[in-house]
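First up is the structure itself, then whatever we jot down about it.
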Amino acid sequence: MTTKLKILAFGIARDIMGGSSVQFNIEMPTTTSKLKKALIDQFPEFIDVRSLAVAVNNEYSSGSDVILDGDEVAIIPPVSGG
Amino acid sequence: MTTKLKILAFGIARDIMGGSSVQFNIEMPTTTSKLKKALIDQFPEFIDVRSLAVAVNNEYSSGSDVILDGDEVAIIPPVSGG
Amino acid sequence: MDKRRIDIQILDTSLSVERCREFITRSDCGAEAIFVGTVRDHTKDRRVTKLEFEAYTTMAILEMEKIALRLLDHHNIHKIAIHHRIGILRISEIPVIIAVSAPHRKAAFAACEEAIDTLKETVPIWKKEFFEDGSTWVAAHP
Amino acid sequence: MDKRRIDIQILDTSLSVERCREFITRSDCGAEAIFVGTVRDHTKDRRVTKLEFEAYTTMAILEMEKIALRLLDHHNIHKIAIHHRIGILRISEIPVIIAVSAPHRKAAFAACEEAIDTLKETVPIWKKEFFEDGSTWVAAHP
């Protein structure tokens, strides 16, 4: 069923999504790859971003990792600290 | 002719020669190697020192470099700064 | 246990090398290697007026802890401090300090350099460069 | 000309990282690598109570200048400070600080490490270690 998933967005992802915490409609449970695909579908500007990672509960997550309701999900564009 | 050459001595060389500025009898002009040999002859404890360099006018000098009257001559035992 | 040997901070106030040294200096260490990042006044040929750093703070601290703990495992070092600043920074201000103490200098240098290299790869912090005529998120685009 | 980019000092008072940074920090540099030597409380298994450093000052300054000028030639770095202390030092005090600024961090680290490695080989400064039951000139004997 389609749920509103809260997504934290930083850096250029925040600019593209229009906020640092965005409600996003997606079929749940989902996976990291599915979320990335859905985000790129809804926000085509992500295509031009060099890379896009997803963090679930403060850990980098990879393609088939499942995202459950209640997880803290963040979109991580290319980092540039230091 | 034998002259008194003033030699600056540091670290263990100062302990061995008994002072930080020592008058040393040597045939002048001389060379770095001759000076080292004469020092070791007069102060046999230098045999046990790991290495012995000579500086003439604030520059490391090597074996056949000539030492003239008036040069500032220093005995440089193994350095251990830093 | 190892956590007592690391000091990880994200701050919105000026960073201080002395504060990092206070944490890392130990009587059984002979060497400290310190990296200080400073804000440069240009990128390629464009004049930079200021920078802004933004962090995903909770995760950034966890990622910096991972870096520090792994370095303690892999190098003969004793303590490591990683301080990163967020917010607006002017030219010559300090975004990051990494300070490492070790019995001997080789390990201190190796760990310090590895720390900043890894931080720039993995820690979720973002830098926005401001120019006279606009701004850009660094590294966002190819 | 290059001499304005180096700051070489032999001091009989406490060394300060901030004083070195004041010299090297530049608005066109993004990276500073700093090495701080500290007095360790032991050598192998012997407890050290204090150290004494003695320098052939005029020559030591010339040798440190040579190191700094060669590094400016060989690495893409901007400024370098080398401060060495002499006299009696207690545990955790600082005998030496080397600070290097550069546009990028790789050159800063490489130059800083090369500076301390070379200093320990060539600069006429001697360290005497004091133990509870005697003292010894470091490195004097095989």
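The sequence lines fix the lettering, A, B, ..., with proteins before strands; numbering per chain opens at 1.
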Worksheet item: Measuring heavy-atom distances to chain D, does B:Asp15 have an atom under 4.5 Å in its side chain, in its backbone, in both, or in neither?
Response: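 For B:Asp15, the contact with chain D is made by the side chain alone.
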Worksheet item: Quick one: what part of B:Leu52 sits under 4.5 Å from any heavy atom of chain D, side chain, backbone, both or neither?
Response: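 When you check distances to chain D, no heavy atom of B:Leu52 falls under 4.5 Å.
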Worksheet entry | The single option from D:Tyr56, D:Trp137, D:Phe53 passing ring-ring contact (aromatic ring centres under 6.0 Å, His included) against B:Phe10 | D:Tyr56
Discussion item. Are more than 12 heavy atoms, taken from residues, nucleotides or ligands other than D:Lys106, located less than 6.0 Å from that residue's NZ atom?
Written reply: no
Worksheet item: Within a radius of less than 6.0 Å around NZ of D:Lys120, do more than 12 heavy atoms belonging to other residues, nucleotides or ligands occur?
Response: yes
Discussion item. Let's test your reading of the structure: which of D:Gly37, D:Pro142, D:Pro124, D:Ala55 forms the most heavy-atom pairs below 4.5 Å with chain B?
Written reply: D:Pro142
Residue [X] versus chain B: region with a heavy atom under 4.5 Å:
{"X": "D:Glu121", "answer": "backbone"}
{"X": "D:Ala60", "answer": "neither"}
{"X": "D:Val123", "answer": "backbone"}
{"X": "D:Pro95", "answer": "side chain"}

Worksheet item: Are side-chain heavy atoms of B:Ile76 and D:Met59 found at a separation under 4.5 Å?
Response: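 Yes - at least one pair of side-chain heavy atoms lies under 4.5 Å apart.
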Discussion item. Contact between B:Arg14 and D:Trp126 at the side-chain level, heavy atoms closer than 4.5 Å - yes or no?
Written reply: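 Contact flag for B:Arg14/D:Trp126 side chains = no.
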Worksheet item: Between D:Thr122 and B:Val79, which heavy-atom pair has the shortest distance, and what is it?
Response: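 Scanning both residues completely, I find the closest heavy atoms to be N-CG2, 4.2 Å.
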Worksheet item: Looking only at heavy atoms, which two atoms of D:His141 and B:Ile12 are closest? And how far apart?
Response: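 Of all heavy-atom pairs spanning D:His141 and B:Ile12, the closest is CE1-CD1, 3.2 Å.
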Worksheet item: Would you say the side-chain atoms of D:His84 pair up with the backbone N or O of B:Gly82, donor to acceptor, closer than 3.5 Å?
Response: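 At least one qualifying donor-acceptor pair exists.
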Worksheet item: Is the side chain of B:Ser80 donor-acceptor paired with the backbone N or O of D:Lys127 at a distance under 3.5 Å, no angle test?
Response: yes
Worksheet item: What is the distance from atom OG1 of D:Thr58 to atom CG of B:Asn58, rounded to the nearest 0.5 Å?
Response: 3.5 Å
Worksheet item: So how far is it from D:Lys66 NZ to B:Glu59 CD, rounded to the nearest 0.5 Å?
Response: 3.5 Å
